[in-house]
2 protein chains.
Amino acid sequence: MPAPRHRRAGATSRERLFSAAAGEFAARGFAGASVDRIARAARVNKAMIYYHFASKAALYRDILRDMFEAVATRVGETARSGMDPADKIRAFVEAIAVEAEARPHFPPIWFREVAEGGRHLDARTTGHITSIIRALGTIIAEGVATKHFRPVNPLLVHGAIVGPLLLYFASGGVRNRLGHRGVTGAVRLDRPTVVAHVQRVALGALESSGHE
Amino acid sequence: MPAPRHRRAGATSRERLFSAAAGEFAARGFAGASVDRIARAARVNKAMIYYHFASKAALYRDILRDMFEAVATRVGETARSGMDPADKIRAFVEAIAVEAEARPHFPPIWFREVAEGGRHLDARTTGHITSIIRALGTIIAEGVATKHFRPVNPLLVHGAIVGPLLLYFASGGVRNRLGHRGVTGAVRLDRPTVVAHVQRVALGALESSGHE
DNA sequence: GTCTATAAATAGATAGAC
DNA sequence: GTCTATCTATTTATAGAC
């Protein structure tokens, strides 16, 4: 199940469908996505979807799995690297940001799947998600052992990192709509600012020299 | 446009439709929601939807507006209260949490609408959203003036608060699915822990005695 | 692997009686 | 305000030719 290469002319029909479907699911959600539109966007006959995939749901599940497999791989490498704990936290944040940028469909699809209660997550995908959280837990435990961090539930830290990052990457459309009305002065956010802020916030939550 | 009372037997057909639709949109998204199912859940004839609302889209827009109106009102009161800036930030976090709990459909619907690029937000609703962010900006400016906070883009702080909170309230289903597989030790998170963590994180981002 | 044609179900919306 | 009946379009999916 390799990640689909970008929409090159030479991409296989399966790759073209995969990539077109990711865009369609991101923009319209699982129920809102139409296999007709996916096929049209991929410039492939609709029947080919059912040649390559068992169903619309199976195609969607494959896209979910591909997303989390990529993140789990990258995050696992970070956790096993030689950096000190604080840099590993920074790298974890950066890894999510890199993956969200490389696959623009990732943040909206994940938000939508959360809203669906994770109905479409198969066993392999929940395994990837678990391994992402476990990697973060390992980094935190390491920092606690070296007295750099205080012990914090990894899910809390995960939420404080992934929540704001996904919100930023998925909310371009909404921020545009707010900006159009000229109401908020500072609707401009850029990626480095957001990533730096999330890194700061995550480390702030973990610092053993905490207040409170 | 009053908030729908809970599904009492005596509720008007409009209120019943409103409340049933909120649940349906939260669970299935705008495209996935079916007016037939909404009518059935509300125990009301389908034609009544078109008697009370211009269309499925208009009904959905009303639900969005109702959500953000409630949050904007509560947050505005917080900003105008007599608390000191740090307590106002804590109250802001609490306000989002209270509203998310009072309307369980709010977090999933908001995630989905973000993914849709805010297509269904009308002018009044974007106005409410803007006023929420402006209220937060006012609180921050106040803290900066009294030397308690450093200046931070309100949108960054907003993301660091709303992202994790919505993720927590919307992700019960996903967390259950991870927990079922027994993989993550500590999938248990409770509301007070999450709210306290988000409050701590938000204040950490604003503290003028910052590192870095 | 790729296509056409089509089945079968469901969608949003409305007309019109009461 | 509430109902039945219905129109029209679109949906996922498949059968079968090439």
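We name chains A, B, ... by the order of the sequence lines, and we start the count at 1 in each one.
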Between [atom2] on [N] and [atom1] on [X], what's the gap in Å once rounded to a whole number?
X       : N      : atom1 : atom2 : value
A:Glu24 : D:dT11 : CD    : P     : 9 Å
B:Tyr60 : C:dG12 : OH    : P     : 14 Å
B:Ile38 : C:dA11 : CD1   : C1'   : 12 Å
B:Arg43 : D:dC3  : CZ    : P     : 12 Å
B:Ile49 : C:dA11 : CD1   : P     : 12 Å
A:Leu17 : D:dA13 : CG    : P     : 14 Å
B:Arg14 : D:dG1  : CZ    : C1'   : 14 Å
A:Phe30 : D:dT11 : CZ    : C1'   : 12 Å

_Between A:Tyr50 and D:dA13, is there a contact of a side-chain N or O with OP1 or OP2 at under 4.0 Å?_
yes
*Report yes if at least one side-chain N or O of A:Ser13 is closer than 4.0 Å to OP1 or OP2 of C:dT2; otherwise report no.*
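Answer is yes, contact under 4.0 Å.
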Minimum-distance nucleotide (side-chain atoms of [X] versus [options]):
X       : options                : answer
B:Asn45 : D:dT4, D:dG1, C:dC3    : D:dT4
B:Val35 : D:dG1, C:dG12, D:dT11  : C:dG12
B:His52 : D:dG1, D:dT12, C:dG12  : D:dG1
A:Ala47 : D:dT11, D:dT14, C:dA13 : D:dT14

*If you measure from the Lys or Arg side-chain nitrogens to the Asp or Glu carboxylate oxygens, is any gap between A:Arg103 and A:Glu99 under 4.0 Å?*
yes
*For residues B:Ser171 and B:Arg175, determine if any side-chain heavy atom of one lies less than 4.5 Å from a side-chain heavy atom of the other.*
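B:Ser171 vs B:Arg175: side chains touch.
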*Are the side chains of A:His197 and B:Asn153 in touch, meaning some heavy atoms are under 4.5 Å apart?*
no
_Along DNA chain D (nearest heavy atom to each residue), the more 5'-positioned of B:Tyr51 and A:Ser55_ =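 Counting from the 5' end, the first nearest nucleotide belongs to B:Tyr51.
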*What orientation do A:Phe106 and A:Phe68 show, parallel under 30°, tilted 30 to 60°, or perpendicular over 60°?*
perpendicular
*At under 4.0 Å between heavy atoms, what does B:Ala33 touch on the DNA or RNA strands: base, sugar-phosphate, or nothing?*
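The residue B:Ala33 makes sugar-phosphate contact but no base contact.
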*Roughly how far, to the nearest 0.5 Å, is the CZ atom of A:Arg124 from the CG atom of A:Asp62?*
8.5 Å
